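Some notes on the structure that comes next.
Just so it is clear, the values below take in all heavy atoms, side chains as well, and ignore hydrogens, waters and symmetry mates. Nothing fancy with the numbering, it's 1 onward along the sequence. The structure presented is a predicted model; accordingly, all values stated were derived computationally and were not measured.
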Amino acid sequence: MIRNVVVGRLLTGADPAAVQTALDAIVALPVQGCLDVRVGRDAGLRDGAWGFAITSDWVDAEAYRVYDLDAEHNRIRAELFGPLCAEIARVQFEA
């Protein structure tokens with residue numbers, strides 16, 4: 001199994017409703033091979049935290065690659081997250 005972890009640092013003044021819309025769009029993606037997807041905005045428990053996180057579990061590396069190249073996924077990344085984020089970091093690992 002491959003676990004994908006994404007965190008985003010939001011731009012100052014990023015609209016919380018727009019962030020939630022982007023996160024909801026990731027959850028709604030109908031991509032084969034996804035075992036689980038979780039999203040959330042930072043709970044504000046520690047200063048300096050990033051604005052949101054996404055975790056997704058994939059049956060294997062090939063399923064993750066299909067997701068990573070998916071046209072709708074890339075549209076969401078560019079059009080919904082792009083205008084909101086100063087920085088996005090991601091890591092994939094075998095879990």
- prompt: Counting heavy atoms not belonging to Arg90, are there more than 12 under 6.0 Å from its CZ?
  reply: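 Counting neighbours around CZ of Arg90, more than 12 heavy atoms of other residues, nucleotides or ligands fall under 6.0 Å, so yes.
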
field: More than 12 heavy atoms of other groups within 6.0 Å of Arg38 CZ
entry: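 At most 12 heavy atoms, drawn from other residues, nucleotides or ligands, come within 6.0 Å of this atom.
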
Are [Y] and [X] linked, directly or through intermediate hydrophobic residues, by side-chain heavy-atom contacts shorter than 4.5 Å (ILVMFWY only)?
X: Val66; Y: Tyr64; result: no
X: Met1; Y: Val59; result: yes
X: Val7; Y: Val39; result: no
X: Leu11; Y: Val19; result: no

message: Show the nearest heavy-atom pair for residues Ala78 and Pro83, with the distance to one decimal.
response: O-CD, 3.5 Å

query: What are the two closest heavy atoms between Ala49 and Asp42, and how far apart are they?
result: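 So the two residues come closest at CB-OD1, 3.4 Å.
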
Would you say the side chain of [Y] lies within less than 4.5 Å of the side chain of [X], judging by non-hydrogen atoms?
X: His73; Y: Val31; value: no
X: Cys85; Y: Leu10; value: yes
X: Phe93; Y: Val5; value: yes
X: Ile26; Y: Phe81; value: yes
X: Leu23; Y: Val27; value: no

For Asp57, the option from Ile2, Leu35, Asn4 that meets side chain to side chain contact (heavy atoms under 4.5 Å, CB included): Leu35

Rounded to the nearest 0.5 Å, what separation is found between the [atom1] atom of [X] and the [atom2] atom of [Y]?
X: Asp70; Y: Ile76; atom1: CG; atom2: CD1; result: 8.0 Å
X: Gln92; Y: Arg3; atom1: CD; atom2: CZ; result: 12.5 Å
X: Cys34; Y: Tyr67; atom1: SG; atom2: OH; result: 7.5 Å
X: Ile88; Y: Trp50; atom1: CD1; atom2: CH2; result: 9.0 Å

- prompt: Using 4.0 Å as the upper bound for N to carboxylate O, is an ion pair formed by Arg77 and Asp68?
  reply: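 Salt bridge flag = yes for Arg77 with Asp68.
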
